[in-house]
Amino acid sequence: MANAESDEPQSRSQAFPPEWPARIRALAAGELTPVTPRRAATVMLLRDAPAGVEVHMLRRRTSMAFASGAYAYPGGGVDPRDDEAHVRWAGPGRADWAARLGVDESAAQAVVCAAVRETYEEAGVLLAGPEEGTVVADTTGADWEADRAALIAHELSFAEFLDRRGLVLRSDLLGAWTRWITPEFEPRRYDTFFFVAALPAGQRTLVHGRGPERTEADLSVWIRPEEAVAGQEKGEMVMLPPTLATLRALVGHPSAADALAAAARQDLEPVIARARVEDGEVVLTWPRHAEFTTRVPTGEPGRPTG
């Protein structure tokens with residue numbers, strides 16, 4: 001694996017939770033009320049490298065309740081405080097983002113804010129600048145770290161952070177890529193918008209796995225999408241289907257700029273898995289992603305085959 005930023009061993013497999021069959025049966029019988037999914041955003045941060053475009057990935061701590069040990073991108077839930085707050089904004093307006101994301105303007109602002117905030121919290125990269133057309137050149141230093149810690153602790157909203165710093169959110173540096181919703185039988189559900197963005201010149205990502213941490217990751221890596229896909233297929237990297245699907249979609253783009261340009265052509269119709277118990281197996285299917293169709297014996301949970 002290229003450019004790994006931790007010496008810790010990688011997780012090699014992931015079993016489906018043993019409670020899935022019972023929850024799927026309960027849902028089918030009308031005995032389980034689906035949890036309302038929480039809005040979320042995640043960002044595929046890209047950079048150009050000699051061997052081709054690379055994407056920044058994090059490995060989630062094994063202590064995490066959701067997707068523990070899995071490789072993912074910087075991301076997390078929307079902060080409701082950012083729905084209506086005044087945010088200095090550059091790039092497509094809220095109405096344009098609402099139309100692209102298929103939500104109202106307040107939700108669109110909050111989702112875009114979540115994408116930029118989570119990239120800063122988890123990767124240390126800030127898609128904002130003192131004025132339109134600019135980006136902060138360096139986010140290192142004790143004062144920046146104090147603000148990042150306050151954001152992570154929810155002591156400071158992102159809108160307040162931008163206002164305090166006199167910064168403009170650069171929504172034009174993001175491209176909406178896809179949207180996945182956690183299956184109805186899951187106890188924790190997210191309605192997640194995936195974005196792409198290029199690493200701004202002068203900024204660098206945080207190193208995870210060394211020293212005290214304030215994020216959900218224990219390892220960070222810059223890796224070519226095709227290498228990450230191969231790692232998953234070999235059982236060396238655990239990933240959920242949305243992560244693997246987006247990695248496969250990034251393969252073949254020669255540069256970060258090319259991927260950003262391609263974002264405008266991506267389909268944002270939500271992808272949500274369907275499940276049933278059939279002949280002693282859990283059968284999972286994903287619309288428009290037949291490659292992830294999976295059958296797991298109910299008495300012997302196994303690994304995803306996608």
**Q** Within the distance-only criterion (no hydrogens, no angle test), does the side chain of R189 pair as donor or acceptor with the backbone N or O of V35 below 3.5 angstrom?
**A**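 Checking the backbone N and O of V35 against the side chain of R189, a donor-acceptor pair under 3.5 Å is found.
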**Q** Please answer: with hydrophobic residues joined when any side-chain heavy atoms are less than 4.5 Å apart, are I272 and F194 in the same cluster?
**A**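 No, it is not one cluster - the side chains of I272 and F194 are not joined through contacts under 4.5 Å.
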**Q** Could you pull out the closest heavy-atom pair between V103 and A108, with the gap in Å?
**A**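 Minimum heavy-atom separation between V103 and A108: CG2-N, 3.6 Å.
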**Q** Determine whether R274 and L284 satisfy the following criterion, side chain to side chain contact (heavy atoms under 4.5 Å, CB included), listing intermediate values before the conclusion.
**A** CA-CA 6 Å; R274 303 298 179 189; L284 290 172; over 6 Å; no
**Q** Test of understanding: with ring pair (Phe, Tyr, Trp, His ring centres under 6.0 Å), list the residues that count as partners of H289, not counting sequence neighbours.
**A**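 Scan of H289 (ring pair (Phe, Tyr, Trp, His ring centres under 6.0 Å), adjacent residues dropped) gives W180, F292.
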**Q** If you take all heavy atoms of D191 and R179, which pair is closest and at what distance?
**A**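 That closest heavy-atom pairing would be OD2-NH2, 2.6 Å.
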**Q** Check for a donor-acceptor pair, side chain of R170 on one end and backbone N or O of G129 on the other, with a separation under 3.5 Å.
**A**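 Here the side-chain-to-backbone pair does not exist.
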**Q** Can you tell whether the side chains of E145 and R148 come within less than 4.0 Å, N to carboxylate O?
**A**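 A salt bridge links E145 with R148.
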**Q** When clusters are formed by joining ILVMFWY residues with side-chain heavy atoms under 4.5 Å apart, either directly or through shared neighbours, do V135 and W89 land in the same one?
**A**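 In one cluster with V135: W89, yes.
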**Q** Is a side-chain donor or acceptor of T182 paired with a backbone partner of Y190 at a separation under 3.5 angstrom?
**A**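 Looks like yes, one N/O pair under 3.5 Å.
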**Q** Any side-chain heavy atom of W97 sitting closer than 4.5 Å to one from S171?
**A**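 With C-beta onward as the side chain, the pair touches.
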**Q** Should D48 and S255 count as side-chain neighbours, where that means a heavy-atom distance under 4.5 Å?
**A**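 With C-beta onward as the side chain, the pair touches.
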**Q** Under 3.5 Å, side chain of T192 to main-chain N/O of A40, donor-acceptor pair present?
**A**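 A pair under 3.5 Å: no.
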**Q** Would you call R165-D143 a salt bridge at under 4.0 Å N-O?
**A**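 The answer is yes: the pair qualifies as a salt bridge.
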**Q** Does the Q109 side chain pair with the main chain of D82, one donor and one acceptor, at a distance under 3.5 Å?
**A**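 Yes.
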**Q** Would you say L250 and I223 are hydrophobically clustered, going by side-chain heavy atoms of ILVMFWY under 4.5 Å?
**A**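 Yes, L250 and I223 fall within the same hydrophobic cluster.
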**Q** Taking all heavy atoms of A197 and all of L174, pick out the closest pair and write down the distance.
**A**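 Closest approach of A197 to L174, heavy atoms only: CB-CD2, 4.0 Å.
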**Q** Which is it for V55 and L247 under the side chain to side chain contact (heavy atoms under 4.5 Å, CB included) test, yes or no, and what are the steps along the way?
**A** CA-CA 9 Å; V55 61; L247 284 169; 3.8 Å; yes
**Q** When you check the gap from the basic side-chain N to the acidic O, do R288 and D267 get nearer than 4.0 Å?
**A**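 Looking at R288 and D267, the cut-off is met.
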**Q** Report yes or no: does E236 contribute a side-chain atom to a donor-acceptor pair with the main-chain N or O of Q232 at less than 3.5 Å?
**A**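 Here the side-chain-to-backbone pair does not exist.
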**Q** Do Y120 and L156 sit in one hydrophobic cluster, given that two such residues count as connected whenever their side-chain heavy atoms are within less than 4.5 Å of each other, even indirectly?
**A**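 In one cluster: yes.
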**Q** Apply side chain to side chain contact (heavy atoms under 4.5 Å, CB included) to L101 and V111, showing your working.
**A** CA-CA 9 Å; L101 300 179; V111 168; 4.0 Å; yes
**Q** What are the two closest non-hydrogen atoms of T42 and P74, and how far apart are they?
**A**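 Closest approach of T42 to P74, heavy atoms only: OG1-O, 2.9 Å.
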**Q** What distance separates I24 CD1 from R276 CZ, expressed to the nearest 0.5 Å?
**A**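 So the gap between those two atoms works out to 10.5 Å.
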**Q** Does a donor on one side chain sit under 3.5 Å from an acceptor on the other, for T246 and W177?
**A**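 Absent: no donor and acceptor within the cut-off.
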**Q** Would you mind checking if E105 and R100 are paired as a salt bridge, meaning a charged N to carboxylate O distance below 4.0 Å?
**A**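 Salt bridge between R100 and E105, a charged N being under 4.0 Å from a carboxylate O: no.
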**Q** Run the side chain to side chain contact (heavy atoms under 4.5 Å, CB included) check on S220 and M57 step by step: do they pass?
**A** CA-CA 6 Å; S220 55; M57 302 190 75; over 6 Å; no
**Q** Using a distance-only test with no angle check, is there a side-chain donor-acceptor pair under 3.5 angstrom linking E131 and T134?
**A**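 No, no side-chain donor-acceptor pair sits under 3.5 Å.
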**Q** Can you tell me how far apart CD (E132) and CG (L169) are? Round to the nearest 0.5 Å.
**A**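 The CD atom of E132 sits 11.0 Å away from the CG atom of L169.
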**Q** Can you check whether S157's main-chain N or O pairs, donor with acceptor, with D79's side chain at less than 3.5 Å?
**A**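 No; zero donor-acceptor contacts below 3.5 Å.
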**Q** Going from CZ on R117 to CD on E122, what distance comes out if it is rounded to the nearest 0.5 angstrom?
**A**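 One finds 9.5 Å between CZ of R117 and CD of E122.
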**Q** Is the shortest side-chain N to carboxylate O distance from R164 to E160 below 4.0 Å?
**A**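 Looking at R164 and E160, the cut-off is not met.
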**Q** Supply the atom-to-atom distance R81 CZ to F158 CZ, rounded to the nearest 0.5 angstrom.
**A**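 Answer rounded to 0.5 Å: 12.0 Å.
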**Q** Going through the checks in order, is the salt bridge (Lys or Arg N to Asp or Glu O under 4.0 Å) test met by R25 and E31?
**A** CA-CA 8 Å; R25 288 193 183 95; E31 300 168 353; over 6 Å; no
**Q** Could you tell me which residues satisfy ring pair (Phe, Tyr, Trp, His ring centres under 6.0 Å) with Y73, sequence neighbours excluded, listed by chain and number?
**A**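 Result, ring pair (Phe, Tyr, Trp, His ring centres under 6.0 Å) vs Y73: none returned.
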**Q** Would one find more than 12 heavy atoms of other residues, nucleotides or ligands at under 6.0 Å from atom CG of D279?
**A**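 No, because the 6.0 Å sphere around CG of D279 holds 12 heavy atoms or fewer from other groups.
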**Q** Would you give the length of the straight line joining atom OG1 of T119 to atom CG of L45, rounded to the nearest 0.5 angstrom?
**A**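 That separation rounds to 6.5 Å.
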**Q** Are side-chain N/O atoms of W286 and T293 paired as donor and acceptor at under 3.5 Å?
**A**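 Per modelled atom types, W286 and T293 side chains form no pair under 3.5 Å.
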**Q** Taking E226 first and then R224, would you say they form a salt bridge - that is, a charged N and a carboxylate O separated by under 4.0 Å?
**A**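 Salt bridge: yes.
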**Q** Under a 4.5 Å side-chain heavy-atom rule over Ile, Leu, Val, Met, Phe, Trp and Tyr, are L46 and L260 clustered together?
**A**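 They do share one cluster, since a chain of ILVMFWY contacts under 4.5 Å joins L46 to L260.
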**Q** Is a side-chain donor-acceptor pair under 3.5 Å present for E84 with S106?
**A**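 The criterion, which ignores hydrogens and geometry beyond distance, is satisfied for E84 and S106.
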**Q** Apply the test salt bridge (Lys or Arg N to Asp or Glu O under 4.0 Å) to residues R47 and E54: give CA-CA distance (whole Å), side-chain angles for both, the deciding distance (0.1 Å), then the verdict.
**A** CA-CA 5 Å; R47 73 178 184 187; E54 294 179 337; 2.8 Å; yes
